[in-house]
Amino acid sequence: MDDKSNKLLLVPVLTVLFVTIGYQYICPAGSTSCRFGNGESSPFSKYAEDVKRESPAPDEDAPFKFPSKFNFTREDLYRHVDFDIKGNDVIVFLHIQKTGGTTFGRHLVRNIHLERPCDCRSGQKKCTCHRPGKAESWLFSRFSTGWSCGLHADWTELTNCVPAVMNKKQKKDAPLNRRNFYYITLLRDPVSRYLSEWKHVQRGATWKTALHMCDGRPPTPDELPACYSSEDWTGVSLEEFMACPSNLANNRQTRMLADLSLVGCYNLSSMSEERRAELLLSSAKRNLLHMAFFGLTEFQRKTQFLFERTFGLHFITAFTQINGTRAAGVTVGPSTRRRIEELNALDMQLYGYARELFSRRVQYCHHQERQEERERKRQQRRRMKEQKASQIQQQEDDERKDAELTGVTEDYSSQVMTETLCVCVCGRAEGLGMLKCVVSGELYVVMLRRAVELL
């Protein structure tokens, strides 16, 4: 019997010992992987608490889920212009070659829902885009005012030329208006844009009438040598196109968005090549950031959405994404592509900057839309609650009035019955000890003693 008891006692002791040894093996001292109680995770929770602790709490006001290497602020992302088309506001379109600017320019004059639409007549290149009630243009672009500041004028030319041109178009006897100019532009992937420009030049385009004005003068032939000696560069090969060091196709987007006065305009000897590139790129980024709007050729619908959100102007028909361009049909090898990227190194950096800024502005606009929708629903729920509370209050007031009216009616009925009964009692008796009364058209006969008691 004793041996049997010892065996029974030995089984739980060995079990406890085995579990203790196993636990020490799985969860050694000082380990944080096995914690029980107080809401801490067990060995089977798959580090849920660690994930919760390391992951930031969701923030409804944070519109983005990924970090930015450019550290854009909310002021950089928020773009809304209270555009006064009836006042003195002017949109200035900086049209960079082969970025889809022709298509976008047509959208501006033909596709915007306006109180006074632009007058675009058949056979004429320009449209008349006047303000409602005024013979004054609200749009400065190729299709509205023509190339008033030169063919494909850049940022340096436009900012110095547009105010004077707008004042010149104004009536002589009218006082000079203080206008608000909102600059816009389009950018495109540098390799695709470069190939598209090459194909365009290959077909005979020259843009030789462009002024390239900077600091009050155009560049000299020494500052900007021509890449060809004939009338045009028709039939040029891609290798020849890339070989010309003064080809303005190289880094065209950066040059056209930068303030060229900072680098001595087209005088390449004014500073080192590295310093010139640094100033051009930083100036182009800064001007692009502070423009009222810019779009990307590769994202037509988002470009439309961002323009509409920025200016409060809405297009009649949706933009169409056209991917079958001439540049898309050009196949280049890896070495040629690398060479194009080297020739457009500044544009590559600018486009990377522009693409992230554009994407974040679109996301920020969507974030604002969601907030506005939530606020709209919140206001709607508040109005419904107030309306329901008002209805309940009205119902209670009606019930109270009904109750008061019922009480008055009952008091009046009681008074009428008493007065009627009094009249009956005071009437002449017919018969022994009886009274005959008419109440509400009904004949009542009561005992005389009962009538006296009612009195």
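Small disclaimer: the values here were computed from a predicted structure and weren't measured.
Ring planes of His152 and His95: perpendicular class, angle over 60° (limits at 30 and 60°). Classified by interplanar angle (parallel below 30°, tilted 30° to 60°, perpendicular above 60°), the ring pair Phe307/Phe311 is tilted.
Side-chain contact check for Thr185 versus Met291: some heavy-atom pair is nearer than 4.5 Å. Side-chain contact between Arg79 and Arg361: present, with at least one pair of heavy atoms (C-beta onward) separated by less than 4.5 Å. With contacts defined as side-chain heavy-atom distances shorter than 4.5 Å, the pair Glu373/Arg370 does not qualify. Inter-residue side-chain proximity for Phe143 and Arg106 is flagged as met; some heavy-atom pair is nearer than 4.5 Å. Side chains of Val191 and Glu341 form a contact here, defined as non-hydrogen atoms less than 4.5 Å apart. Counting heavy atoms from C-beta on, the side chains of Leu108 and Ile184 come closer than 4.5 Å. Side-chain atoms of Asn160 and Met213, non-hydrogen and from C-beta on, never get closer than 4.5 Å to each other. Residues Leu94 and Leu257 are in side-chain contact: their nearest non-hydrogen atoms beyond the backbone lie under 4.5 Å apart.
Between His107 and Phe319, a ring centre-to-centre spacing shorter than 6.0 Å is recorded. With ring centers used as reference points, Tyr183 lies 6.0 Å or more from Phe294. Separation of the Phe72 and Tyr353 ring centroids falls under the 6.0 Å cut-off. Between His200 and Trp207, the ring centre distance stays below 6.0 Å.
Pairing each heavy atom of Pro218 with each of Leu211, the nearest pair is CB-O, 3.5 Å. Minimum heavy-atom separation, Leu281 to Gln349: CD2-OE1, 3.4 Å. Closest non-hydrogen pair, Gly87 versus Lys134, comes out as O-NZ, 3.6 Å. The minimum heavy-atom distance linking Thr254 with Ala284 is given by the pair O-CB, 3.7 Å.
The side chain to side chain donor-acceptor pair (under 3.5 Å) test with Asp398 singles out one residue from Lys401, Gln394, Gln395, and that residue is Gln394.
In this structure, Arg286 fails the cation-pi test against Trp155, since its NZ or CZ atom is not both closer than 6.0 Å to the six-membered ring centre and inside 45 degrees of the ring normal.
Cysteine sulfur proximity is satisfied for Cys227 and Cys244, their SG distance being under 2.5 angstrom.
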When you look at Thr99 and Leu187, which way does the side chain to side chain contact (heavy atoms under 4.5 Å, CB included) test go after all the steps?
CA-CA 6 Å; Thr99 59; Leu187 295 181; 5.7 Å; no

Output, in order, the C-alpha distance, side-chain angles, deciding distance and verdict of side chain to side chain donor-acceptor pair (under 3.5 Å) for Gln379 and Arg382.
CA-CA 5 Å; Gln379 294 290 346; Arg382 184 180 294 111; 2.8 Å; yes

Between Glu298 and Tyr351, is a side chain to side chain donor-acceptor pair (under 3.5 Å) present by the stated rule, with each step listed?
CA-CA 12 Å; Glu298 290 78 13; Tyr351 187 76; 2.8 Å; yes

Side chain to side chain contact (heavy atoms under 4.5 Å, CB included) between Tyr182 and Asp89, intermediate numbers included
CA-CA 8 Å; Tyr182 298 102; Asp89 294 351; 3.7 Å; yes

Evaluate Cys161 against Cys149 for disulfide (SG to SG under 2.5 Å), listing each step before the verdict.
CA-CA 6 Å; Cys161 168; Cys149 291; 2.0 Å; yes

Could you walk me through whether Arg255 and Asn250 satisfy the side chain to side chain donor-acceptor pair (under 3.5 Å) test, starting with their C-alpha distance in whole Å, then the side-chain angles of each, then the deciding distance to 0.1 Å, before giving a yes or no?
CA-CA 9 Å; Arg255 179 184 58 81; Asn250 301 340; over 6 Å; no

Could you go through the side chain to side chain contact (heavy atoms under 4.5 Å, CB included) check for Glu197 and Val201 one step at a time?
CA-CA 6 Å; Glu197 180 166 341; Val201 170; 4.3 Å; yes

I'd like to know whether Phe83 forms a side chain to side chain contact (heavy atoms under 4.5 Å, CB included) with Asn180, so could you lay out the CA-CA distance, the side-chain angles of the two residues, the decisive distance to 0.1 Å, and finally the verdict.
CA-CA 9 Å; Phe83 187 71; Asn180 300 313; over 6 Å; no

Lys388/Gln391 under side chain to side chain donor-acceptor pair (under 3.5 Å): CA gap, chis, key distance, verdict
CA-CA 5 Å; Lys388 188 174 181 180; Gln391 291 175 351; over 6 Å; no

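A donor-acceptor contact closer than 3.5 angstrom links the side chains of Asp215 and Ser261. Looking only at atom types and distance, the side chain of Asn267 has a donor-acceptor partner in the side chain of Ser269 under 3.5 Å away.
Taking Arg301 as the reference, nothing meets the salt bridge (Lys or Arg N to Asp or Glu O under 4.0 Å) condition, with sequence neighbours excluded. Considering only residues two or more places apart in sequence or on other chains, Arg276 meets the side-chain contact (heavy atoms from CB on, under 4.5 Å) condition with Val263, Leu268, Met271, Leu280.
Within 6.0 Å of CD in Glu273 there are 12 or fewer heavy atoms belonging to other residues, nucleotides or ligands. For Arg110, the CZ atom counts as loosely surrounded, since its 6.0 Å shell holds 12 or fewer non-hydrogen atoms of other residues, nucleotides or ligands. The number of heavy-atom neighbours closer than 6.0 Å to CZ of Arg337, taken from other residues, nucleotides and ligands shown, is 12 or below.
Ion pairing between a basic and an acidic side chain is recognised when a charged N comes within 4.0 Å of a carboxylate O; Arg360 and Glu356 show such pairing. Salt bridge status for Glu386 with Arg383: absent, with no side-chain N to carboxylate O gap under 4.0 Å. Comment: Glu115 engages Lys86 in a salt bridge, judged by a side-chain N to carboxylate O separation of less than 4.0 angstrom. Between Arg217 and Glu223, at least one side-chain nitrogen of the basic residue sits less than 4.0 Å from a carboxylate oxygen of the acidic one, meeting the salt-bridge criterion.
Rounding to the nearest 0.5 Å places CG of Leu139 at 5.5 Å from SG of Cys129.
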